Amino acid sequence: VEFVTQKDVSPAQYAAQLEQDVDSYPSINVCLFDIANNECGYFYNHNKVCRYQSINPGLHGISNAKLNDDSWKKVELGKQRLRELLLLSPGNINGDDPISNTVESDLPWDALFDLLSDPTILEADPAKLPQTGYGAKYETLFSSIFLTAFEIEQGQMYGTRNQSILAVWNDHAELRERSIRADGSW
């Protein structure tokens, strides 16, 4: 909300403000958009290692790691499935470029949330898993797009709680989110 209420602050300038306060945000991924000035950016802070980068038009994926992190098979697979969904979308007006040619009213929102809800384990080979520090057992569970809640430490549950889809057009954006309830429903 703070970024939205500040006038004349670019995504890069706001990211610089966040970097000055790394202790308040020890692990964060933030996508920042200034649609009026056609600027998009991404900031992360993981254990006081901060980085800001501009986001170019196109398909992007993010998990608990960094934007477009190739070491996570689920991010690459999710981007591939997203591209396929957009190609099949009735709003894809010419079929060549599903990103710039999809009409907003025809985005397959339900199918997009279905994509984010796939609990399939995508990698079990410890040599191919990103090293998170939790060991192969948990890293295997982390490999799915949707993480069914499990106990990672005594009394500490880990799993997917929220799903967000952000679509940005030339003059506006739409964010749809949902949160999982205690009974497992959305």
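Please read all numbers here as calculations on a predicted model, not as lab measurements.
- For Arg161, there are no salt bridge (charged side-chain N to carboxylate O under 4.0 Å, His left out) partners at least two apart in sequence or on another chain.
- Between Asp118 and Phe146 the shortest side-chain heavy-atom distance does not fall below 4.5 Å.
- Closest non-hydrogen pair, Arg178 versus Ser117, comes out as NH2-OG, 2.9 Å.
- You'll find the side chain of Asp21 stays beyond 4.5 Å of the side chain of Gln17, heavy atoms only.
- Annotation: side chain of Lys48 is in contact with side chain of Asp23 (closest heavy-atom distance under 4.5 Å).
- Between Ile145 and Thr160, the shortest heavy-atom distance links the atoms O-OG1, 4.2 Å.
- Note that NE2 of His46 is 9.0 Å distant from CD1 of Ile28, once rounded to the nearest 0.5 Å.
- Connection of Leu86 to Ile165 is established within a shared hydrophobic cluster, with ILVMFWY side chains joined at heavy-atom distances below 4.5 Å, either directly or through further cluster members.
- Side-chain atoms of Thr120 never come within 3.5 Å of backbone atoms of Leu122 as a donor-acceptor pair (strictly under, hydrogens ignored).
- Counting non-hydrogen atoms of other residues, nucleotides and ligands closer than 6.0 Å to CG of Asn47 gives a total of 12 or fewer.
- Tyr14 is not connected to Ile55 by any chain of hydrophobic side-chain contacts under 4.5 Å among Ile, Leu, Val, Met, Phe, Trp and Tyr, and they are in different clusters.
- Using a 4.5 Å cut-off on side-chain heavy atoms (C-beta onward), Asn162 and Glu177 make no contact.
- Judged purely by atom type and a 3.5 angstrom limit, Asn45 uses its side chain to pair as donor or acceptor with the backbone of Val22.
- Cluster partners of Tyr158, by chain and number: Trp72, Val75, Ile121, Tyr134, Tyr138, Leu141, Phe142, Leu147, Phe150, Ile152. The rule joins Ile, Leu, Val, Met, Phe, Trp and Tyr whenever side-chain heavy atoms lie under 4.5 Å apart.
- Distance CH2/Trp109 to CZ/Arg176: 5.0 Å, rounded to 0.5 Å.
- Side-chain contact of Glu76 with Gln80: a donor-acceptor pair under 3.5 Å is absent, judged by distance alone.
- Contact annotation: the side chain of Leu175 never approaches that of Phe33 to less than 4.5 Å [non-hydrogen atoms, C-beta and beyond].
- In this structure, the side chains of Leu107 and Glu174 stay at 4.5 Å or more apart for every pair of heavy atoms.
- Every side chain to side chain contact (heavy atoms under 4.5 Å, CB included) that Asp183 has, sequence neighbours left out, goes to Arg181, Ser185.
- Of all non-hydrogen atoms in Lys74 and Ser144, the two that sit nearest each other are CD-O, 3.1 Å.
- Looking only at distances, a side-chain donor or acceptor of Tyr42 sits under 3.5 Å from a matching main-chain atom of Leu67.
- Tyr52 and Cys40 get closest at one heavy-atom pair: OH-O, 4.0 Å.
- Between the side chain of Lys79 and the backbone N or O of His60 there is no donor-acceptor pair closer than 3.5 Å.
- The minimum heavy-atom distance linking Asn29 with Ser63 is given by the pair ND2-O, 3.5 Å.
- Put simply, NZ on Lys73 and CD on Glu123 are 5.0 Å apart, with the number rounded to the nearest 0.5 Å.
- Side chains of Ser143 and Leu129 form a contact here, defined as non-hydrogen atoms less than 4.5 Å apart.
- Within a 6.0 Å radius of CG in Asp114, other residues, nucleotides and ligands contribute more than 12 heavy atoms.
- With a 4.5 Å cut-off on side-chain heavy atoms, Glu39 and Leu32 do not count as touching.
- A distance-only check finds a donor-acceptor pair linking the side chain of Gln163 to the backbone of Leu116 [under 3.5 Å].
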